[in-house]
Q: 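Here you go, one structure.
Index from 1, following the sequence.
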Amino acid sequence: MSHRQILQALTGLLAALFTAMLSTTIVANALPTIMGELHGTQTDFAWVVTAALLANAVSTPIWGKLADLFSKKLLVQLSIVVFVAGSVLAGFSHNMELLLTARVIQGLGMGGLTALAQAIIGSIIPPRERGRYSGYMGAVMAVATAGGPLLGGFIVDSPLGWRWTFFLCVPLAVVALVLLQITLRLEHVRRPARIDWLGSILLTAGISLLLIWVSFAGKAGYYEWWSWETAAMVGGSVVLLALLVFVESKVPEPIIPLKIISQRTTALAIIASVAVGIAMFGSTTFLGQYFQLARGFTPTEAGLLMLPMIAGNLLGSVGSGLLITRFGKWKRYLIIGTLLVILGTGLAGIIDHETEMVLVSLFIFILGVGMGLLMQNLVLAVQNTVKVTEVGSASASVAFFRTVGGAIGVSVLGAVLSSSVSNRVTRELTDAGIPTEGGGTTATLDIAELPEQVQTFFRIAYAEGTADIFRIAAAVAVIALVAVLFIKEQALRRTLDIKPTSASPVEPGLTGGSEMLQTGAMAAVPAARTAETEVSRQAADAGNAGDGQTPGASPKQ
């Protein structure tokens, strides 16, 4: 396909991805307002994010497997419809239970778009050229991520109210569906469909149980970190995930292909993705909350203050994509990106309620550049090592583990922030001689209704608590750096598949043809093929003569 044909094919896909990303990020600065109106707590805040991430994570491998079996075009359209349904339901939510249900439905649709967008790109563009188009995708994601919080803040501050942060995606989704129908042309080869439903159930149950335990452990009215409830939940999660591994090793079409994720590049990319997911989702989720609660900015202003991080993300994603396409080297950008994530989160770990906003903007810009260098290129490294028929599963596996990391990060860091704010505010109130109910406080998000002195205590506590979670994210990002350092760089191939194509046949006697195609080293193939084929024919002739066969005849296999 020519550059123009590829861009035409990607138009509808990028429009769909933009709609989903915008609809996800647009609620970021609306969440404090939503929590205040629906009387949600800090735990509810974390679960509004975690519910969508969890549904995204557990559904991504399923969508990825379906992409290897069914029409990718039909599936991506279906995922948009699911996402829109969740968005409409969220807009009509009148309590936390309904909102959380809607967020799960949104997450299911987002999981489809996450897996299918990468799978479609992997199906039509060779790895060596994929950096440029991954950069385009990164740019679309960056614009949606930048515009989302800003637009969401504007809507919340306008007469429309927060519900329109969910309703806005409906007309955009209709446009995306029309563009997909017109522009996306994919050839689909039908294969027998075998969906690993047992693996899907075990995966969902095991991850969900672990996240539920993390969210409520150590909180007043629930259970302690060391308790029988902890033992039951953690033990149950371990058993379910162990059963998952056993099932995946037996079924013919596993939801998480062990043979793919056990490969060195994929395994290390997954480890890095989990760590990056924790650092990225876990730290950035609470930035809007920091700007509004700790610094007192409006939702619109909070959206504007997020722009440096998004600009960095755009620069890292597009810049690295173009450089990878030109020079074919990708590992250096993973290393630089991880170092920048560690640096950005580490610097953000020193912020408080009085830090100069110029410094805060610089810190999150560095973090944004690092994330832009990492996200798409980790997927690219994995796609370069698998067959085109496994691109969907491989891409979905990396996205799955990154999102699981994000869900764990949001859940754990949300629990840390809630506990930190409660303890700090309780201590400050006690020192000031102000009584508290039951000897403690909760990390409320509706601080505007509190007395001015108490508001100050909460603002300081939220600022210091946010710094705590950034420091934790920096420590976790070190794991990603170690994993990236051990990834072995493999030259990006210029063919879609690692198998010989009809345009470049390989004689039966030639071994290693698959590897040469995989590395893109096509220049040396003709001479090597001639020499090796001649040797193979001579050996075959000698063997055939010894067996009484005519020289040059093909022996029966």
Q: What closest approach, in Å, do Leu373 and Ser320 show between heavy atoms, and which atom pair accounts for it?
A: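 Closest approach of Leu373 to Ser320: CD2-CB, 3.5 Å.
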Q: Is any side-chain heavy atom of Leu151 closer than 4.5 Å to a side-chain heavy atom of Leu168?
A: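 They are in side-chain contact.
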Q: If every non-hydrogen atom of Ile155 is compared with every non-hydrogen atom of Ser158, which pair is closest and at what distance?
A: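 Minimum heavy-atom contact is O-OG, 2.7 Å.
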Q: In the structure I gave you, are the side-chain heavy atoms of Leu340 and Leu367 within less than 4.5 Å of one another anywhere?
A: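 Result no, sub-4.5 Å side-chain heavy-atom pair not found.
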Q: Verify side chain to side chain contact (heavy atoms under 4.5 Å, CB included) between Phe18 and Leu14, making sure each step is shown before the conclusion.
A: CA-CA 6 Å; Phe18 176 79; Leu14 294 180; over 6 Å; no
Q: Test side chain to side chain contact (heavy atoms under 4.5 Å, CB included) on Leu287 and Met306 and set out the steps.
A: CA-CA 8 Å; Leu287 262 180; Met306 295 282 283; 3.7 Å; yes
Q: Would you say that Glu301 contacts Asp157 through its side chain, given a criterion of any heavy-atom pair below 4.5 Å between the two side chains?
A: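 Answer no - side chains too far apart.
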Q: Just how far is it from atom OG of Ser59 to atom CD1 of Ile105, taken to the nearest 0.5 Å?
A: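 Interatomic distance, Ser59 OG to Ile105 CD1, rounded to 0.5 Å: 12.0 Å.
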Q: If we only count heavy atoms from C-beta on, is the Leu78 to Leu74 side-chain gap below 4.5 Å?
A: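 Not touching, per the 4.5 Å side-chain cut-off.
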Q: Okay, side chain of Ser237, backbone of Val234: is any donor-acceptor separation there less than 3.5 Å?
A: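 No, because the side chain of Ser237 does not come within donor-acceptor range (under 3.5 Å) of the backbone of Val234.
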Q: Does any N or O in the side chain of Arg424 come within less than 3.5 Å of the main-chain N or O of Phe457, such that one atom is a donor and the other an acceptor?
A: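 Not confirmed, Arg424 side chain does not pair with Phe457 backbone.
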Q: Checking Tyr290 side chain against Asp352 main chain: does a donor-acceptor pair fall under 3.5 Å?
A: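 Here the side-chain-to-backbone pair exists.
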Q: Is Trp63 reaching over with its side chain to a backbone N or O of Leu108, donor-acceptor style, under 3.5 angstrom?
A: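 Side chain of Trp63 to backbone of Leu108, a donor-acceptor pair under 3.5 Å: yes, one is there.
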Q: State, to 0.1 Å, how close Ala480 and Thr338 come at their nearest heavy-atom pair, and which atoms those are.
A: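 Closest pair (atom of Ala480, atom of Thr338, distance): C-CG2, 3.7 Å.
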Q: Could you tell me if the ring centre of Phe167 sits under 6.0 Å from that of Phe92?
A: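 Yes.
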Q: Please report the shortest heavy-atom distance between Ser87 and Gln106, naming the atom on each side.
A: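 Heavy-atom minimum between the residues: OG-NE2, 2.9 Å.
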Q: Counting distance only, does the side-chain N/O of Ser420 pair as donor-acceptor with the main-chain N or O of Leu417 below 3.5 Å?
A: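 Pair absent, no side-chain N/O of Ser420 close to backbone of Leu417.
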Q: Let me confirm one number: the CG-CG distance from Leu241 to Leu209, rounded to the nearest 0.5 Å.
A: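 Atom-to-atom, Leu241:CG and Leu209:CG are 9.0 Å apart.
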Q: Is any side-chain heavy atom of Gln181 closer than 4.5 Å to a side-chain heavy atom of Lys73?
A: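 With C-beta onward as the side chain, the pair touches.
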Q: How about Asn95 and Leu38: do any of their side-chain heavy atoms sit closer than 4.5 Å?
A: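 SC-SC contact between Asn95 and Leu38 ruled out.
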Q: Is there side-chain contact between Val88 and Val84, with heavy atoms separated by less than 4.5 Å?
A: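 Of all side-chain heavy-atom pairs linking Val84 with Val88, at least one is under 4.5 Å.
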Q: Using every non-hydrogen atom in the two residues, find where Arg459 and His353 come nearest and quote the distance to one decimal.
A: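 Where Arg459 meets His353 most closely, the heavy atoms are O-CB, 4.2 Å.
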Q: Is any side-chain heavy atom of Leu305 less than 4.5 Å from a side-chain heavy atom of Met357?
A: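 A side-chain contact under 4.5 Å exists here.
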Q: Check step by step if side chain to side chain contact (heavy atoms under 4.5 Å, CB included) holds for Val48 and Leu100.
A: CA-CA 6 Å; Val48 167; Leu100 289 174; 4.0 Å; yes
